[in-house]
Amino acid sequence: MRNRITLLVETALNKACAAQELITSTLPIITLGHPAKPEHGDFSCNIAMLLSKSERKAPRLVAEIILKYLGAGSGLLLKTDIAGPGFINFFVSLSAWQATLLEIEKGGENFGKTTAGSGKKVQVEFVSANPTGPLHIGHGRGAAIGDTLCRILDAAGWDVTREFYYNDAGVQISNLALSVQMRCLGVDTDDPRWPEGGYQGDYIKDVAKAYLAKESVVASDQHTTASGDPEDLENIRSFSVAWLRREQDLDLDAFDVKFDVYTLESSLYSEGRVDSVVQKLIANGHAYEQDNALWLRSTDFGDDKDRVMRKADGSYTYFVPDVAYHQSKWERGFTRVINEQGSDHHSTVTRVRAGLQALDAGIPKDWPEYVLHQMVTVMRGGEEVKISKRAGSYVTLRELIDEVGRDATRFFFLMRKPDAQMVFDIDLAKQQTNENPVYYVQYAHARICSIFDNAAEKGFVAPLTPELSTLECLSTDEDMKMIKLLTALPDTIDDCAIHFEPHRLTYYLSELASCFHSFYNKNRVISEDRKLTEARLYLLKRTAQTIKNALSLLGISAPERM
RNA sequence: GCGCUCGUAGCUCAGUUGGAUAGAGCAACGGCCUUCUAAGCCGUAGGUCGCACGUUCGAGUCGUGCCGGGCGUACCA
């Protein structure tokens, strides 16, 4: 509905310009708002006030000109108003609102989807946890946000590729292999032989045990068998990585998060991408030698200091394969790439972009885009749980899913916008009381389904594609409020996709559920009035569909009974 | 020190790319189940939008400077 009115305004502006009644050369973007008060209509537009200066006319005069060229939208609009300092208010006709229910029915499980992305390719990288331990609560937030963002972008008409990047090379993986080796040899963490920076979590013992038992591991695209030899560090390394990747795969599966592509850091080395990037940077004159190290002059591209690429010991720092990795994304044709990461990685943003600029490959300065989520503070027993991966003290995603449930965990993570810090109170989430808003939304769906069961017993069914006269029964304020909210799902999805903010959908759902619960308490759906009963059943059928569609975008189930 | 980010009701948070009289949940108080699920509904109360300037028709939203919390500022990832 919002898009249809935006189109009307756009057409009117173009006509007015063609008739030279408007003289502004570059028109601003048309945005429609939802007025707070009903007497201000269904939508309002501030375009006249924005044009006022360049037109050198009072806003209300500009509004009059626009309205002169605005058609009635073939029955869409009841009336338009100029109000306040120069708002144009739009009043949509009852019949146009009622007719939107037919569109929802036609859309079915696809209702809500839009064509905003025009099928263009976008790649989203998220989670990308190091295979050095189980996924923790912070990864959970990243997984929920990234996965939902993918679902939303897909619904908004984008061709989405989901990707997971494994750092299976480098110092941390060496630490992992050494830690497992020490456990194989029975060395404890307080032993002087225990490696500096080793991983102390209990799961390391499990890996060591499996290694000594010569187990085989199949993870997403790896198959590894342990030799059981504690001296074979290379075998320990590949086995440990495979073992932990399998654990992560299981966690993600339990969270209903899937990926299309897995890229291994080690493959960037083996395919020569890392070397070729370094050669390119040297050839482009952006690198120099100093203190036995090779540096990138990243200060040429907005960084606050130059960065080491090749360390004194000859190995590369993490950000070189990062640049090589992103070069590969670019070469795969992704002109749009979104990286969802924890905000503790935000220093990489400037560096990776600087490295890509230094390649002189025509990559835009602000590519790739980033969604950085803030840290999650975990509360348990009224105290903050300190997260330390190496000490092995943290809350795992698996624990959370087992204790709180997948639906509640996802909803909880998705309630806050990514760049706000959040507190995850495990005790509170475990209580499964009405304090958890996911139940509120799911309950609305279950309640509606229950009404259908009840109606069926009494011989009522929601009609398929009802007569207009049936839809006309839906004309009370509560009816209209419901219809308007249902219609807003596609707009909400577009907004989420534009701003990379899935939390808007959770707020939409809460509002829709609230609207329904209120409706339920005020109106009896099944009554003596057959026509009214059928009209309301039809409305609730569309409501249930809308709730289910929106929940499915969050990866949350819509139970029929609770 | 510098960079990013947050600061809105007692608590947890929204606020639709600058709009009309700042919202919701929880907690508190008061009502509503012989009728479609009370995991619900209705009502009351609760605010100097961290502080101060600035930009303009108009600022919780944008800019600058302070104050306070978080993260980063590695030849870790």
Side-chain angles (χ1 to χ4, degrees), chain A residues 2 29 31-37 40 44 46 49-50 52-53 58-59 83-87 89 128-130 132 167 169-173 175 197 265 291-295 304-305 307-313 315-319 321-322 342-350 372 374-375 377 415-417 419-423 425 428 432-440 442-444 446-455 457-458 460 488 491-492 494-496 498-499 501 503-504 506-508 510-511 513-514 516-527 533 540 561-562:
Chain A
R2 192 177 65 179
I29 297 166
T31 50
L32 292 188
H34 298 280
K37 300 177 74 175
H40 290 144
S44 70
N46 63 353
M49 289 180 281
L50 296 179
S52 170
K53 190 168 262 180
F87 290 104
N89 292 334
S128 293
N130 288 354
T132 53
N167 294 104
V171 176
Q172 298 304 337
I173 297 301
N175 283 341
E265 183 185 6
D291 302 331
N292 287 327
L294 182 69
W295 296 69
D304 54 354
K305 60 171 93 161
R307 303 293 169 180
V308 170
M309 292 196 287
R310 193 173 56 224
K311 296 181 263 187
D313 68 4
S315 64
Y316 292 109
T317 57
Y318 74 92
F319 108 93
D322 257 13
S343 68
D344 54 336
H345 290 82
H346 81 248
S347 62
T348 66
V349 176
T350 311
L372 301 177
Q374 293 285 326
M375 299 291 96
T377 306
M415 274 176 61
R416 271 92 184 188
K417 62 181 167 198
D419 52 11
Q421 288 168 234
M422 66 171 285
V423 176
D425 188 327
L428 188 70
Q432 304 208 355
T433 64
N434 57 350
E435 286 174 38
N436 205 329
V438 68
Y439 295 114
Y440 184 78
Q442 291 181 317
Y443 184 53
R447 243 184 173 180
I448 294 173
C449 291
S450 155
I451 294 173
F452 292 146
D453 289 347
N454 220 287
E457 277 179 28
K458 291 177 177 150
F460 290 110
D491 303 335
T492 305
D494 278 345
D495 290 342
C496 289
I498 289 168
H499 297 280
E501 290 181 343
H503 77 281
R504 292 172 188 242
T506 66
Y507 279 87
Y508 169 79
S510 296
E511 197 182 344
S514 166
F516 162 72
H517 286 309
S518 187
F519 178 92
Y520 177 90
N521 274 273
K522 260 180 219 163
N523 305 289
R524 175 145 270 277
V525 176
I526 301 162
S527 67
T533 299
L540 291 192
R561 250 170 269 282
M562 285 175 75

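Just the heavy atoms: all of them, side chains too, but no hydrogens, waters or symmetry mates, feed the values below. Throughout, a chain's letter reflects where its sequence line sits, starting with A, and its residues are numbered from 1.
Contacts of A/Tyr520 with the nucleic acid, taken as non-hydrogen atoms under 4.0 Å apart, include base atoms. Backbone-only contact: A/Arg504 has heavy atoms under 4.0 Å from sugar-phosphate atoms and none from a base. Residue contacts shown for A/Met415 are absent, as no nucleic acid heavy atom lies under 4.0 Å away. Residue contacts for A/Lys417: at a heavy-atom cut-off of 4.0 Å it reaches the sugar-phosphate backbone alone, with no base atom in range. The residue A/His517 sits close only to the backbone: its heavy atoms come under 4.0 Å of sugar-phosphate atoms, none of a base. Nucleic acid contact for A/Phe452: none, since no nucleic acid atom lies under 4.0 Å from a heavy atom of the residue. Contact annotation for A/Leu372: no contact, since no heavy-atom pair falls under 4.0 Å across all strands. Residue-level contact check: A/Thr317 touches the backbone only, with heavy atoms under 4.0 Å from sugar-phosphate atoms and none from bases. No contact: A/Val349 has no heavy atom under 4.0 Å from any strand. Residue-level contact check: A/His345 touches the bases, meaning some heavy atom is under 4.0 Å from a base atom. Contacts of A/Asp291 with the nucleic acid, taken as non-hydrogen atoms under 4.0 Å apart, include base atoms. A/Ala36 comes within contact range of no nucleotide atom at all, as no heavy-atom separation falls under 4.0 Å. In this structure, A/Asn454 reaches the sugar-phosphate backbone alone: every heavy-atom distance under 4.0 Å involves primed, P, OP1 or OP2 atoms, never a base. Contact annotation for A/Thr350: no contact, since no heavy-atom pair falls under 4.0 Å across all strands.
Between the side chain of A/His517 and the backbone N or O of A/Tyr440 there is at least one donor-acceptor pair closer than 3.5 Å.
As rounded to the nearest Å, B/rU61 and B/rU55 have C1' atoms that lie 14 Å from one another. Comparing the P positions of B/rG65 and B/rG3 gives a spacing of 9 Å, expressed to the nearest Å. Using atom P as the reference point in both B/rG23 and B/rU44, the two lie 14 Å apart (nearest Å). To the nearest whole angstrom, the two C1' atoms, one in B/rU17 and one in B/rG70, are 26 Å apart. Separation of the P atoms belonging to B/rC51 and B/rU56 is 23 Å when rounded to the nearest angstrom. One C1' atom belongs to B/rA9, the other to B/rU48, and the distance between them is 13 Å to the nearest Å. B/rG46 and B/rG25 have their C1' atoms separated by 14 Å, given to the nearest Å. Separation of the P atoms belonging to B/rC13 and B/rG7 is 10 Å when rounded to the nearest angstrom.
For A/Glu501, taking side-chain heavy atoms from C-beta onward, the closest of the listed nucleotides B/rG15, B/rU37, B/rC36 is B/rG15. Of the candidates B/rA39, B/rA14, B/rU37, the closest approach to any side-chain atom of A/Arg561 belongs to B/rU37. Residue A/Ser450 has its side chain nearest to B/rC36 when only B/rC75, B/rC36, B/rA20 are considered. Of all nucleotides listed (B/rC76, B/rG40, B/rC36), B/rC76 comes nearest to the side chain of A/Lys311. Checked against B/rU73, B/rU16, B/rA20, the side chain of A/Asp495 finds its nearest nucleotide in B/rU16. When distances run from any side-chain atom of A/Tyr443 to the nucleotides B/rU37, B/rG69, B/rA20, the shortest one goes to B/rU37. For A/Arg416, taking side-chain heavy atoms from C-beta onward, the closest of the listed nucleotides B/rG19, B/rC13, B/rA74 is B/rC13.
For the pair A/Arg307/A/Thr317, no side-chain contact is recorded, criterion being any heavy-atom separation below 4.5 Å from C-beta on. Contact check for A/Tyr318 versus A/Val171: no side-chain heavy atoms found under the 4.5 Å cut-off.
Spacing between atom CZ of A/Phe460 and atom C1' of B/rC36 amounts to 11 Å, rounded to whole angstrom units. Atom NZ of A/Lys458 is separated from atom P of B/rU35 by 11 Å (rounded to the nearest Å). A/Phe516 places its CZ atom 13 Å from the P atom of B/rA39, with the value rounded to the nearest Å. Summarising the geometry, the separation between CD1 on A/Ile29 and P on B/rG18 is reported as 10 Å, rounded to the nearest angstrom. Here the C1' atom of nucleotide B/rC6 and the CE atom of A/Met422 are 15 Å apart, to the nearest Å. Across the protein-nucleic acid pair, A/Gln421 atom CD and B/rG72 atom C1' stand 13 Å apart, rounded to whole Å.
Rounding to the nearest 0.5 angstrom, the gap separating the OG atom in A/Ser343 from the CD atom in A/Gln374 is 4.0 Å. Distance CD/A/Glu501 to CG/A/Asp419: 7.0 Å, rounded to 0.5 Å.
Not one side-chain nitrogen or oxygen of A/Tyr439 sits closer than 4.0 Å to the OP1 or OP2 atom of B/rC26. One finds no side-chain N or O of A/Arg447 lying less than 4.0 angstrom from the OP1 or OP2 phosphate oxygen of B/rA39. Within the 4.0 Å cut-off from OP1 or OP2 of B/rC42, at least one side-chain nitrogen or oxygen of A/Ser518 is found. Within the 4.0 Å cut-off from OP1 or OP2 of B/rG23, not a single side-chain nitrogen or oxygen of A/Tyr507 is found.
Residue A/Pro59 comes nearest to A/Met49 through the heavy atom pair CB-CG, 3.8 Å, listed as atom of the first residue, atom of the second, then distance. Closest approach of A/Asn130 and A/Asn167 over heavy atoms only: OD1-OD1, 3.0 Å.
The base-pairing partner of B/rC33, taking Watson-Crick or G-U wobble contacts with both distances under 3.5 Å, does not exist among the strands shown. Nucleotide B/rU73 forms a pair with B/rG1, judged by Watson-Crick or G-U wobble geometry with both contacts under 3.5 Å.
Aromatic stacking is marked for A/His40 over B/rA20, as both cut-offs hold: 5.5 Å for the centres and 30° for the planes.
Cation-pi geometry between A/Arg447 and A/Tyr520 is satisfied (NZ or CZ under 6.0 Å from the ring centre, within 45° of the ring normal).
RNA chain B is contacted by both A/Asp419 and A/Thr348; A/Asp419 maps to the nucleotide lying nearer its 5′ end (nearest heavy atom per residue). Summary of the strand contacts: A/Arg524 and A/His34 both lie near RNA chain B, and taking for each the nucleotide with the nearest heavy atom, the more 5' one is attributed to A/His34.
Residues A/Arg2 and A/His34 bring no donor and acceptor atom of their side chains to less than 3.5 Å of each other.
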